[in-house]
Colleague: 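Take this structure first; my questions come after.
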Amino acid sequence: MAFEDVHFRYAPDLPDAVSHVTFMVPADSTVALAGHSGAGKTTCASLLLRHWDPTGGTVRIGGHPLRTLPLTRIRQLIAAVPQETYLFNLSIRDNIRLARPDATDTEVEDAAPAGERGTHLSGGQRQRIAIARALLTGAPILVLDEAVSSLDAESEAEVDRAMRTARTGRTTLIVAHPPSTLRTADTVVLLEEGRIVDTGPHDKLLARCPAYRRLLNEGA
Ligand SMILES: Nc1ncnc2c1ncn2[C@@H]1O[C@H](COP(=O)(O)OP(=O)(O)OP(=O)(O)O)[C@@H](O)[C@H]1O
Ligand SMILES: [Mg+2]
């Protein structure tokens with residue numbers, strides 16, 4: 001999957017939300033998008049899902065420009081875990097099964113965090129349900145937009161475990177906030193005001209990129 005000099009603005013009278021964005025995600029690897037609020041992370045994830053077409057440049061999957069792929073095909077190829085997860089007033093089992101109504105109970109349980117109940121789910125539990133939904137679709141590409149809300153250490157560890165399982169054998173674009181997630185990505189793309197500041201493994205960026213160090217120090 002690749003972004004090639006991608007530009008996007010939400011309306012003709014608005015400035016570019018992202019510009020000159022170029023990076024690639026090799027098959028089965030994980031690229032994390034990092035940056036402050038408003039940097040353009042969710043915009044990139046949305047362009048990959050073809051919620052919009054770029055104003056300029058090209059997004060490709062398997063070499064094909066996204067514009068040439070039917071939306072139904074894109075939905076088969078990509079499973080998305082959105083920044084905010086919408087849950088219906090159903091059991092956890094049925095909430096997960098929404099991703100694939102014909103899934104068996106075993107398939108749902110394989111994808112799910114162990115059978116919890118209750119209507120007041122924590123942020124971490126909601127994210128794990130979203131991840132389970134994505135797993136159940138079996139799509140080879142995963143787009144994860146991590147929620148910004150901070151989780152307690154235990155939930156963060158559980159979400160982290162669920163994400164690692166989900167990422168195994170998939171090509172993953174992840175909008176990541178905590179260093180724990182950024183460290184596990186093969187490559188981090190650092191965005192500032194819609195532009196790429198630097199691209200590289202977490203350790204390398206930490207060593208050479210002051211903007212990356214600042215971002216992590218602020219605990220974003
Ligand atoms: N639907 C929209 N209409 C107009 N402008 C938007 C829209 N969504 C985002 N923007 C603008 O585009 C820019 C990038 O926003 P984006 O949501 O991609 O940031 P982000 O990096 O995901 O931030 P966060 O960490 O807060 O989720 C911001 O200037 C934002 O105000
Ligand atoms: Mg966002």
Side-chain angles (χ1 to χ4, degrees), residues 1-25 30-59 66 71 74 78-87 122-124 126-131 133-134 141-151 155-156 159-160 162-163 166-167 172-185 187-200 202 205 209-220:
M1 164 219 312
F3 279 61
E4 295 169 358
D5 198 22
V6 169
H7 295 245
F8 179 71
R9 60 180 67 185
Y10 282 93
D13 55 340
L14 289 175
D16 278 353
V18 294
S19 46
H20 294 296
V21 170
T22 299
F23 66 90
M24 69 173 290
V25 190
T30 296
V31 167
L33 299 176
H36 287 107
S37 183
K41 306 179 297 292
T42 297
T43 302
C44 288
S46 307
L47 288 166
L48 181 58
L49 294 166
R50 211 182 164 200
H51 290 166
W52 295 279
D53 282 325
T55 318
T58 309
V59 181
L66 220 48
L71 273 179
I74 294 171
I78 308 180
V81 177
Q83 193 163 357
E84 301 297 337
T85 301
Y86 189 77
L87 296 180
S122 71
R126 297 169 82 89
Q127 283 177 53
R128 280 152 63 206
I129 287 174
I131 292 167
R133 279 180 184 161
I141 300 173
L142 196 59
V143 179
L144 285 157
D145 198 346
E146 272 190 347
V148 189
S149 59
S150 54
L151 303 173
S155 317
E156 192 176 304
V159 169
D160 214 51
M163 277 192 195
R167 279 161 38 183
T172 304
L173 182 66
I174 181 169
V175 175
H177 301 283
S180 56
T181 314
L182 292 165
R183 207 176 291 126
T184 64
T187 305
V188 176
V189 173
L190 176 61
L191 289 164
E192 256 182 23
E193 295 178 359
R195 288 166 184 263
I196 295 181
V197 177
D198 203 349
T199 304
H202 169 80
L205 291 196
C209 180
Y212 191 61
R213 281 198 297 273
R214 276 198 301 277
L215 177 72
L216 294 189
N217 285 338
E218 288 159 20

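Both counts, for ligands and for their atoms, begin at 1 and track the order of listing. Side chains are part of it too, since the values below use all heavy atoms of this structure and drop only hydrogens, waters and symmetry mates. No experiment lies behind these values; they were computed from the predicted model shown.
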Colleague: Taking distance alone, with N or O pairs closer than 3.5 Å, would you say L14 contacts ligand 1?
Modeller: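 No.
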Colleague: Does G40, backbone or side chain, put an N or O under 3.5 Å from an N or O of ligand 1?
Modeller: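 Yes, since at least one N or O of G40 sits under 3.5 Å from an N or O of ligand 1.
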Colleague: Could you list which atoms of ligand 1 come closer than 4.0 Å to a heavy atom of T43?
Modeller: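 In order of numbering, the contacting atoms are 14 (C), 15 (O), 16 (P), 18 (O).
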Colleague: Which atoms of ligand 1 sit under 4.0 Å from any heavy atom of A39?
Modeller: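 Selected atoms, number and element: 19 (O), 21 (O).
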Colleague: Let me check your reading of the structure: within less than 2.8 Å of the Mg ion (ligand 2), is there an N/O/S atom from T43?
Modeller: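 No.
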Colleague: Just by modelled atom types, is the L191 backbone N or O under 3.5 Å from a matching donor or acceptor in the K41 side chain?
Modeller: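 Not a single qualifying donor-acceptor pair exists.
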Colleague: Locate the shortest heavy-atom distance separating S180 from E156; write the atom from each residue and the value.
Modeller: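 Heavy atoms of S180 and E156 come nearest at OG-OE2, 3.1 Å.
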Colleague: Examine the side chains of R167 and T184 and answer whether a donor and an acceptor come within less than 3.5 Å of each other.
Modeller: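 Yes, T184 and R167 have a side-chain donor paired with an acceptor closer than 3.5 Å.
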Colleague: Taking the side chain as everything from C-beta on, heavy atoms only, tell me whether H20 gets closer than 4.5 Å to H7.
Modeller: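 In short, these two side chains touch, coming nearer than 4.5 Å.
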Colleague: Only heavy atoms of Q83, strictly under 4.0 Å: list the atoms of ligand 1 that pass.
Modeller: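 Per the distance check, 27 (O).
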Colleague: Relative to the heavy atoms of A17, which atoms of ligand 1 are at a distance of less than 4.0 Å?
Modeller: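 Ligand 1 atoms under the 4.0 Å threshold to A17: 12 (O), 13 (C).
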Colleague: Which atoms of ligand 1 sit under 4.0 Å from any heavy atom of T42?
Modeller: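 Ligand 1 atoms under the 4.0 Å threshold to T42: 17 (O), 18 (O), 20 (P), 22 (O), 27 (O).
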Colleague: Would you say T22's side chain and D5's backbone share a donor-acceptor pair under 3.5 angstrom?
Modeller: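 Yes: the side chain of T22 pairs with the backbone of D5.
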Colleague: If you count the non-hydrogen atoms of other residues, nucleotides and ligands that lie under 6.0 Å from CD in E193, is the total more than 12?
Modeller: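 No, the 6.0 Å shell around CD holds no more than 12 heavy atoms from other groups.
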Colleague: Could you tell me if any non-hydrogen atom of G35 lies under 4.0 Å from any atom of ligand 1?
Modeller: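 G35: no contact with ligand 1 (<4.0 Å).
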Colleague: I'd like to know if H36 contacts ligand 1, where contact means a heavy-atom distance under 4.0 Å to any ligand atom.
Modeller: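 Yes, that is the case, since the closest heavy atom of the residue is under 4.0 Å from the ligand.
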Colleague: Has T55 got a side-chain atom pairing as donor or acceptor with R9's backbone, closer than 3.5 angstrom?
Modeller: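 Yes.
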Colleague: Students often mix this up, so state it plainly: with edges at 30° and 60°, are the rings of F3 and F23 parallel, tilted or perpendicular?
Modeller: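 Taking F23 first and then F3, their aromatic rings lie parallel (interplane angle under 30°).
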Colleague: Taking backbone and side chain together, does Q83 place any N/O/S atom at a distance below 2.8 Å from the Mg ion (ligand 2)?
Modeller: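 So Q83 does bind the Mg ion (ligand 2) by this criterion.
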